[in-house]
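We count residues from 1, following the sequence as given.
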Amino acid sequence: MHWFQTLVLIWCGLTVPVLVYGLVGRDGTGRLGGKPKGPLVDARWGWFWMELPAMLVFPAVYLAAGQRRLAGDVLVTLWLAHYVHRTLVWPLLVQRQARPFPVATAGAGAAFNLVNGALLGWFMARLADYPGDWFSNPRFLGGAALFVFGAILNISSDYRLSSLRAKASGGAILPRGGAFDYVSCPNLTGEIVEWIGFALMTWSLPGLAFALWTAANLLPRALWRHRWYRERFPDYPSNRRALIPGLL
């Protein structure tokens with residue numbers, strides 16, 4: 001369907017100004033010491049409302065079409081494995097002393113998740129046509145390996161960082177141990193890798209769009225955090241990169 005492909009390509013193109021703005025701008029959430037703008041909400045509720053559309057919309061659109069396929073069921077299940085944790089479990093583990101969340105950021109994140117969920121759900125329900133041997137296809141197998149590796153890196157790094165922050169009672173910390181010995185933001189690296197893997201497994205424009213949007217949002221955030229760590233801690237390891245060991 002040409003209109004759908006055109007819509008997704010436009011959505012992909014919008015990642016360019018978002019990335020440029022992030023690279024030349026600053027952290028707008030206030031998480032790195034700045035002052036967040038506008039009304040604020042408890043961090044746990046901010047996370048919940050921001051991620052809820054992602055958990056619901058993709059599966060709902062896919063199931064509502066009534067054209068289930070095994071490949072679609074598997075891909076939706078993998079999506080839910082990530083977003084049930086991110087929506088229902090992770091917010092409960094955010095420290096009570098975490099900075100309040102800007103309502104505008106939560107709203108923008110919710111809208112982003114709504115659009116991506118709708119595009120993926122429509123594609124999977126109406127346009128996806130995977131061969132019977134898709135699960136042994138190198139694209140699926142390579143994507144699955146990246147997805148699992150990225151998810152493990154993302155979640156383990158998130159939990160390590162949360163534990164370190166809890167021990168510091170909300171004070172500034174210099175993360176150490178695990179993948180933090182190589183990059184400043186392994187949790188963000190993991191999430192980018194995870195959704196690149198998902199894009200390969202779906203082999204779809206909406207999957208590519210979601211991976212591009214993830215990178216456009218998280219790459220600047222990793223650079224912000226890396227810069228803040230280096231400014232805040234004079235003994236910050238000089239060989240540690242922001243996102244990719246030895247490169248970036």
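Listed by chain and number, the residues in a salt bridge (Lys or Arg N to Asp or Glu O under 4.0 Å) with E194 amount to none (sequence neighbours excluded). By the salt bridge (Lys or Arg N to Asp or Glu O under 4.0 Å) test, R68 pairs with D73, sequence neighbours left out.
For residues 7-17, the side chain to side chain donor-acceptor pair (under 3.5 Å) pairs, not counting sequence neighbours, are W11-N116. Identified under the salt bridge (charged side-chain N to carboxylate O under 4.0 Å, His left out) test for residues 207-218, with sequence neighbours left out: none. Residue pairs meeting the side chain to side chain donor-acceptor pair (under 3.5 Å) criterion with at least one partner in residues 239-248, sequence neighbours excluded, are Y236-R240.
Residues V183 and I244 are not in side-chain contact: their nearest non-hydrogen atoms beyond the backbone lie 4.5 Å or more apart. Counting heavy atoms from C-beta on, the side chains of W90 and F48 never come closer than 4.5 Å. The shortest side-chain heavy-atom distance between L164 and R176 does not fall under the 4.5 Å cut-off. Looking at heavy atoms from C-beta onward, N154 lies in side-chain contact with H82 at the 4.5 angstrom threshold. Side-chain atoms of L120 and F123, non-hydrogen and from C-beta on, never get closer than 4.5 Å to each other. The shortest distance between side-chain heavy atoms of L205 and L208 falls below 4.5 Å. L161 is listed as a side-chain neighbour of I173, based on a closest heavy-atom distance under 4.5 Å.
The ring-ring contact (aromatic ring centres under 6.0 Å, His included) test with F198 is passed by exactly one of W79, F210, Y83: W79.
In this structure, R44 and P91 approach most closely via the heavy-atom pair CG-O, 2.6 Å. Heavy atoms only, all atoms of each residue included: P59 and A54 are closest at CD-O, 4.2 Å. Scanning both residues, L248 and L219, for their nearest heavy atoms gives CD2-CD1, 4.1 Å. Contact between L40 and P102 at its shortest, heavy atoms only, is CD2-CA, 3.7 Å. Closest non-hydrogen pair, A242 versus A222, comes out as CB-O, 3.9 Å. Taking each heavy atom of A215 and P220 in turn, the nearest pair found is O-CD, 4.0 Å.
The CH2 atom of W134 sits 14.0 Å away from the CZ atom of R69 when rounded to the nearest 0.5 Å. For the atom pair F4 CZ and L9 CG, the distance stands at 10.0 Å (nearest 0.5 Å). If you take CD1 on I155 and CG on L153, they are separated by 10.0 Å, rounding to the nearest 0.5 Å. With rounding to the nearest 0.5 angstrom, the CH2 atom of W224 is 8.5 Å from the CG atom of L23. To the nearest 0.5 Å, atom CG of residue L223 and atom CZ of residue R225 are 11.5 Å apart.
Not one N or O on the side chain of S184 forms a donor-acceptor pair closer than 3.5 Å with the backbone of F180. A donor-acceptor pair under 3.5 Å is formed between the side chain of N113 and the backbone N or O of M50. The backbone N or O of V84 lies less than 3.5 Å from no partner atom in the side chain of T87, so there is not a single donor-acceptor pair.
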Passes side chain to side chain contact (heavy atoms under 4.5 Å, CB included), L75 versus Y130? Steps please.
-> CA-CA 12 Å; L75 291 165; Y130 297 107; 3.9 Å; yes
Going through the distances and angles, do L7 and L119 end up as a side chain to side chain contact (heavy atoms under 4.5 Å, CB included)?
-> CA-CA 9 Å; L7 179 64; L119 293 176; 4.0 Å; yes
Apply the test side chain to side chain contact (heavy atoms under 4.5 Å, CB included) to residues V115 and V57: give CA-CA distance (whole Å), side-chain angles for both, the deciding distance (0.1 Å), then the verdict.
-> CA-CA 9 Å; V115 172; V57 174; over 6 Å; no
Step-by-step side chain to side chain contact (heavy atoms under 4.5 Å, CB included) determination, V61 to M124 = CA-CA 9 Å; V61 173; M124 204 61 61; over 6 Å; no
Which donor-acceptor pairs under 3.5 Å do side chains of residues 136-152 form with protein atoms, sequence neighbours excluded?
| residue | atom | partner | partner atom | Å |
| --- | --- | --- | --- | --- |
| S136 | OG | D133 | O | 2.9 |
| N137 | OD1 | R139 | N | 2.8 |
| N137 | OD1 | R139 | NE | 3.0 |

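Neither V16 nor Y21 shares a network with the other; the hydrophobic side chains, linked directly or stepwise wherever heavy atoms of I, L, V, M, F, W or Y lie under 4.5 Å apart, form separate groups for each. Linking ILVMFWY residues whenever their side-chain heavy atoms come closer than 4.5 Å, directly or via other members, leaves Y182 and I192 in distinct clusters. A continuous path of hydrophobic side-chain contacts links Y62 to W203 [ILVMFWY only; heavy atoms under 4.5 Å]. At a threshold of 4.5 Å between side-chain heavy atoms, the hydrophobic network of Ile, Leu, Val, Met, Phe, Trp and Tyr places L114 and W213 in two separate groups. V89 is connected to W47 through a chain of hydrophobic side-chain contacts under 4.5 Å among Ile, Leu, Val, Met, Phe, Trp and Tyr, so both are in one cluster.
Between E191 and R86, at least one side-chain N (NZ, or NE/NH1/NH2) sits under 4.0 Å from a carboxylate O, which counts as a salt bridge.
Aromatic pair W122/F58: ring centres not closer than 6.0 Å.
Atom CZ of R230 has 12 or fewer neighbouring heavy atoms from other residues, nucleotides or ligands inside a 6.0 Å radius.
In summary, the side chains of N187 and D158 do present a donor paired with an acceptor at a separation below 3.5 Å, with no hydrogens or angles considered.
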